[in-house]
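Source: prediction; values computed, not measured.
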Amino acid sequence: MASNLAPIPELYVSYESAQKLKVEAGTLVSHDLTPRQICDLELLMNGGFNPLKGFLSEADYDSVVETMRTQDGALWPMPITLDVSEKFAETVELGQDIALRDQEGVILATMTVTDKWVPNKSREAEKVFGADDSAHPAVNYLHNHAGNVYLGGPVTGIQQPVHYDFKARRDTPNELRAYFRKMGWQRIVAFQTRNPLHRAHQELTFRAAREAQANLLIHPVVGMTKPGDVDHFTRVRCYEAVLDKYPSSTTHLSLLNLAMRMGGPREALWHALIRKNHGLTHFIVGRDHAGPGKNSQGEDFYGPYDAQELVRQHQEEIGIEMVDFKHMVYVQEKAQYYPIDEVPEGSTVLNISGTELRRRLAEGLEIPEWFSFPEVVRELRRTSPERSKQGFTVFFTGFSGSGKSTIANALMVKLMEMGGRPVTLLDGDIVRKNLSSELGFSKEHRDLNIRRIGYVASEITKNGGIAICAPIAPYAATRRAVREDVENFGAFIEVHVATSIEECERRDRKGLYKLAREGKIKEFTGISDPYDVPESPELRVETEGTDVDNCAHQVILKLEQMGLIAG
């Protein structure tokens, strides 16, 4: 299969028209795009999402969700939607043009709103991701982050989103096609990754290129990946560190600003279509390609080869050939990598999983050279120092009066006594005074208060400090969002202070429960508003019949056990 490297349609207008349009767009109603929408818009405008001409209309959306095709029959497995708040949707009429701005207010495009609807998100989750289960990052995003109203309509591109990092490594589909034409490459195999490259990946990509008799494009995703993944700055430095292990005349590295959904089979098909738009002829599909891990029942969301099956069914229609990813393992006696199904009988197989790699990094243990390149390990250690040198957040949650603040204070003093890292206490009352003085106690405001606490805690964690938070934090979805913010930079330890509501009411020093019972305080957690009991916190402490010192000591023991503080 040889590549057709003719340019692909883009949605940008000419430079002159863009200058004129930018002035006109300044008067339009504006939507500030989320990071995920910016990724989607960039790939719409530069042809990466060809044949889409904008965010899906309602009819196209329904068709894509149900059949993986747009209304006119084009294969397209992933809904590309502009989700907005109900409040913003009320300001927009059908037929109206709106300006789409980045987070600094720069106008990237205009969009003619042809459709406005409230989607059935549970249906979307079931059909696109296989389950309406919030353990799936995309389903969690759908229900807890995305706006409730979708807008659809064609997009007119004014300018590309600005990237200040790795500019020379970022190629549009047409720039890649031009590069392949210049190099005379006819057959090109793409390797999709959201992880650093280790020796098994190098061996796999070498084999794939040899098998397909093709040149190799290492095409990592640097948009949004899965919460907790290694950040793209570190990953790109890792890719650059191993590039010279590849023959330079047959290998190219290019960054793809895609917001992954971790959607397994549909995602793999989507990746194949995007690669075809970038001029590629072959595409490596991995075992459990773009799988998000375990569902709420502790089972994998997708079968290990479901993604390969779906891409195989459609490869001819897309015009790209799939190369199966063979799981590569190291055979000790041969001192080399083999596909798992070709291992000589009686051999010793060595393998390090992603979890085991993270553990070794966290504990400062040796990472053997047969597994990864010293240059890659060096980069990873720069960003992931061993656990006892990382920042972390201890997040107490429980009813008002449960003892959270008292235990948090005791913990702070114990950690300060140990020394080594700065400790910050973000207690409910302190935060209300300094961060959230204008907020009330509605559900929306309480959520916002917790998100602010999470933001500050994540910054403290990122900079190697210890954050201790002690809000009520009644809602599981908000606690999860804070966990995701923090875990990008270090450990998050949720401590459920499991004091019963009866005991909290008995202790009621501030008289709040009495006022809540009398109806003088509305939406009071545990009385007139729900509390989602944490299902699997890192630690649950009972305060009834246990003194404060002992409760704080339990947290210290947990931190020691996790390797966050020295025993």
Six-ring centre of Tyr475, Arg446 cation under 6.0 angstrom, axis tolerance 45°: no
Checking the side chain of Asn463 only, and the main-chain atoms of Gly465 only, is there a donor and an acceptor separated by less than 3.5 Å? no
Give me the ring orientation class for Tyr531 and Phe399: parallel if the planes are under 30° apart, tilted from 30 to 60°, perpendicular past 60°. tilted
Salt bridge or not between Arg479 and Glu494? Use side-chain N to carboxylate O under 4.0 Å. yes
Ignoring hydrogens and geometry, is there a side-chain-to-backbone donor-acceptor pair from Arg382 to Val377 under 3.5 Å? no
Could you check whether the rings of Phe88 and His31 sit parallel, tilted or perpendicular, using 30° and 60° as the cut-offs? tilted
Do the side chains of Arg506 and Glu544 get close enough for a salt bridge, i.e. N-O under 4.0 angstrom? no
For the pair Arg480 and Asp447, find out whether any cationic side-chain nitrogen is under 4.0 Å from an anionic carboxylate oxygen. no
Establish, from distance only, whether the side-chain atoms of Thr234 and Thr383 form a donor-acceptor pair under 3.5 Å. yes
Exactly one candidate in Leu43, Asp40, Thr225 meets side chain to side chain contact (heavy atoms under 4.5 Å, CB included) with Leu258; the answer is Leu43
Identify which one of Lys404, Glu503, Arg507 satisfies the side chain to side chain donor-acceptor pair (under 3.5 Å) criterion when paired with Thr543. Arg507
Can you tell me which residue pairs pass the salt bridge (charged side-chain N to carboxylate O under 4.0 Å, His left out) test with a partner in residues 137-153, sequence neighbours excluded? none
Look at Lys121 together with Asp132 and state whether they make a salt bridge at an N to O cut-off of under 4.0 Å. no
State whether Arg123 and Glu126 are salt-bridged, where the test is any N-O pair (Lys NZ or Arg NE/NH1/NH2 against Asp/Glu carboxylate O) under 4.0 Å. no
Decide whether a cation-pi geometry holds between Lys116 and Tyr150; the criteria are a distance under 6.0 Å from NZ or CZ to the six-membered ring centre and an angle within 45° of the ring axis. no
Phe492 ring center near Phe392 ring center (under 6.0 Å): no
Phe49: ring-ring contact (aromatic ring centres under 6.0 Å, His included) partners, not counting sequence neighbours: Trp76, Trp270
Main-chain N/O of Leu56 paired with Asp60 side-chain donor or acceptor, under 3.5 Å: no
Counting only heavy atoms not in Met416 (residues, nucleotides, ligands), do more than 12 fall under 6.0 Å from its CE? no
Will you find, in the side chains of Asp83 and His145, an N or O donor that is under 3.5 Å from an N or O acceptor? no
Side chain to side chain donor-acceptor pair (under 3.5 Å) assessment of His327 paired with Arg287: CA-CA 7 Å; His327 182 49; Arg287 183 182 179 281; 5.8 Å; no
Cationic N near anionic O, under 4.0 Å, Arg261 to Glu267: no
Assign the ring pair Trp117 / Tyr61 to parallel, tilted or perpendicular, where the plane angle (0 to 90°) is split at 30° and 60°. tilted
